[in-house]
Amino acid sequence: MTTTGPVVRHARREDVPAILELIRELADYEHELHSVEATEAKLLETIAFAPSDETASPSPATGLPVTEQTSPAKPARCLVLKTLTGVPAGIALYFYNYSTWRARPGIYLEDLYVKQSERKNGYGKRLLVELAKEVVAMQGGRLEWSVLKWNEPSIKFYESIGAKMMSEWVGMRVDGDGLTKLATLLD
């Protein structure tokens with residue numbers, strides 16, 4: 001069978017060096033390279049990988065990915081997009097979420113990144129389409145993500161594919177020492 005476009009598939013363990021490289025490129029693009037704590041070992045521990053053989057992913061029967069099981073310790077999955085020459089050009093790291101009002105699962109896209117040299121080829125759209133297919137296959141309610149306010153090219157791209165900015169919501173986060181403090185607040 002001849003491939004006529006880029007290949008998008010769930011990450012395999014052997015993709016980890018390329019995934020880490022793309023994560024570091026994304027962090028550099030966002031002026032946060034100094035914040036990257038990810039290592040190959042940490043990625044191997046926390047991403048649910050597809051088998052290394054040519055097993056179909058997603059499953060033809062369900063449309064859902066064929067990977068290791070997700071769990072609290074291994075919550076993430078990753079799509080890898082490779083060019084026709086087999087070069088990793090993009091990733092979509094994601095995990096499952098839940099809508100209480102809809103009582104339906106969904107996907108939260110933690111990071112979408114396409115190498116700068118590979119942009120304008122439809123690769124970002126291709127990764128998002130694959131995620132949308134998974135949400136539909138699992139009868140989910142939504143695909144959502146965050147984007148930096150200054151990243152106008154990405155915002156325009158997302159709006160062009162039908163995404164809506166959720167201006168009524170404000171992102172909140174507790175991490176680092178604040179997380180430790182919160183965990184012991186009532187001790």
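Atom OG1 of Thr67 and atom CZ of Arg77 lie 3.0 Å apart (nearest 0.5 Å). Note: Ile155 CD1 to Ser160 OG = 12.5 Å, rounded to the nearest 0.5 Å. Note that CG of Leu33 is 11.5 Å distant from NE2 of His31, once rounded to the nearest 0.5 Å. Glu134 CD to Tyr94 OH: the interatomic distance, rounded to the nearest 0.5 Å, is 3.5 Å. The distance from atom CZ of Phe95 to atom CG of Leu109, rounded to the nearest 0.5 Å, is 9.0 Å. With rounding to the nearest 0.5 Å, the separation of CZ in Arg126 from CG in Leu81 is 6.5 Å.
With respect to Arg24 and Glu21, no salt bridge is recorded, no charged nitrogen being found less than 4.0 Å from a carboxylate O.
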Gln116 and Glu25: CA distance, side-chain angles, deciding distance, side-chain contact (heavy atoms from CB on, under 4.5 Å) verdict
CA-CA 9 Å; Gln116 288 191 12; Glu25 285 182 27; over 6 Å; no

Residue pair Ile91, Ile23: steps toward the side-chain contact (heavy atoms from CB on, under 4.5 Å) verdict
CA-CA 9 Å; Ile91 55 171; Ile23 289 169; 4.0 Å; yes

Evaluation steps, side-chain contact (heavy atoms from CB on, under 4.5 Å), between Arg12 and Asp15:
CA-CA 5 Å; Arg12 301 171 182 158; Asp15 295 320; 3.7 Å; yes

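Checked by atom type and distance alone, the side chain of Glu32 never pairs as donor or acceptor with a backbone atom of Ala27 at under 3.5 Å. Judged by distance alone, the side chain of Thr39 and the main-chain N or O of Lys42 form a donor-acceptor pair under 3.5 Å. In this structure, the side chain of Arg104 does not engage the main chain of Ser99 through any donor-acceptor pair within 3.5 Å. A donor-acceptor pair under 3.5 Å is formed between the side chain of Asn121 and the backbone N or O of Glu118.
Within the 4.5 Å cutoff, no side-chain heavy atoms of Val147 are placed close to those of Met165. Between Trp145 and Leu112, every side-chain heavy-atom pair lies at or beyond the 4.5 Å cut-off.
No continuous path of ILVMFWY side-chain contacts below 4.5 Å connects Leu128 to Tyr108, so the two sit in separate hydrophobic clusters. Val16 and Val7 are members of different hydrophobic clusters when ILVMFWY side chains are connected at heavy-atom separations under 4.5 Å. Each of Leu22 and Leu127 belongs to its own hydrophobic cluster when Ile, Leu, Val, Met, Phe, Trp and Tyr are linked at side-chain heavy-atom distances under 4.5 angstrom. Hydrophobic clustering (ILVMFWY, side-chain heavy atoms < 4.5 Å, transitive): Val114 and Leu93 are in distinct clusters. There is no path of hydrophobic side-chain contacts, each under 4.5 Å, that joins Val80 to Val8.
Taking a 6.0 Å sphere around CD of Gln139, one finds it holds 12 or fewer heavy atoms contributed by other residues, nucleotides or ligands. Atom CD of Gln69 has 12 or fewer heavy atoms from other residues, nucleotides or ligands within 6.0 Å. Other residues, nucleotides and ligands contribute more than 12 heavy atoms inside 6.0 Å of the CH2 atom of Trp150.
Note on ring orientation: taking the six-membered ring where Trp is involved, the planes of Tyr113 and Tyr29 are tilted (angle from 30° to 60°).
Annotation for Phe157 and Gly124: closest pair CZ-C, 3.8 Å, computed over non-hydrogen atoms. Pro6 and Tyr123 get closest at one heavy-atom pair: CG-CE2, 3.6 Å. Scanning both residues, Ile19 and Cys78, for their nearest heavy atoms gives CD1-SG, 4.0 Å. When all heavy atoms of Glu14 and Ser52 are compared, the closest pair comes out as OE1-OG, 2.7 Å. Nearest heavy-atom pair, Pro51 versus Val66, reported as atom, atom and distance to 0.1 Å: CD-O, 3.5 Å. What you find for Glu130 and Leu79 is that their closest heavy atoms are CB-CD1, 3.8 Å.
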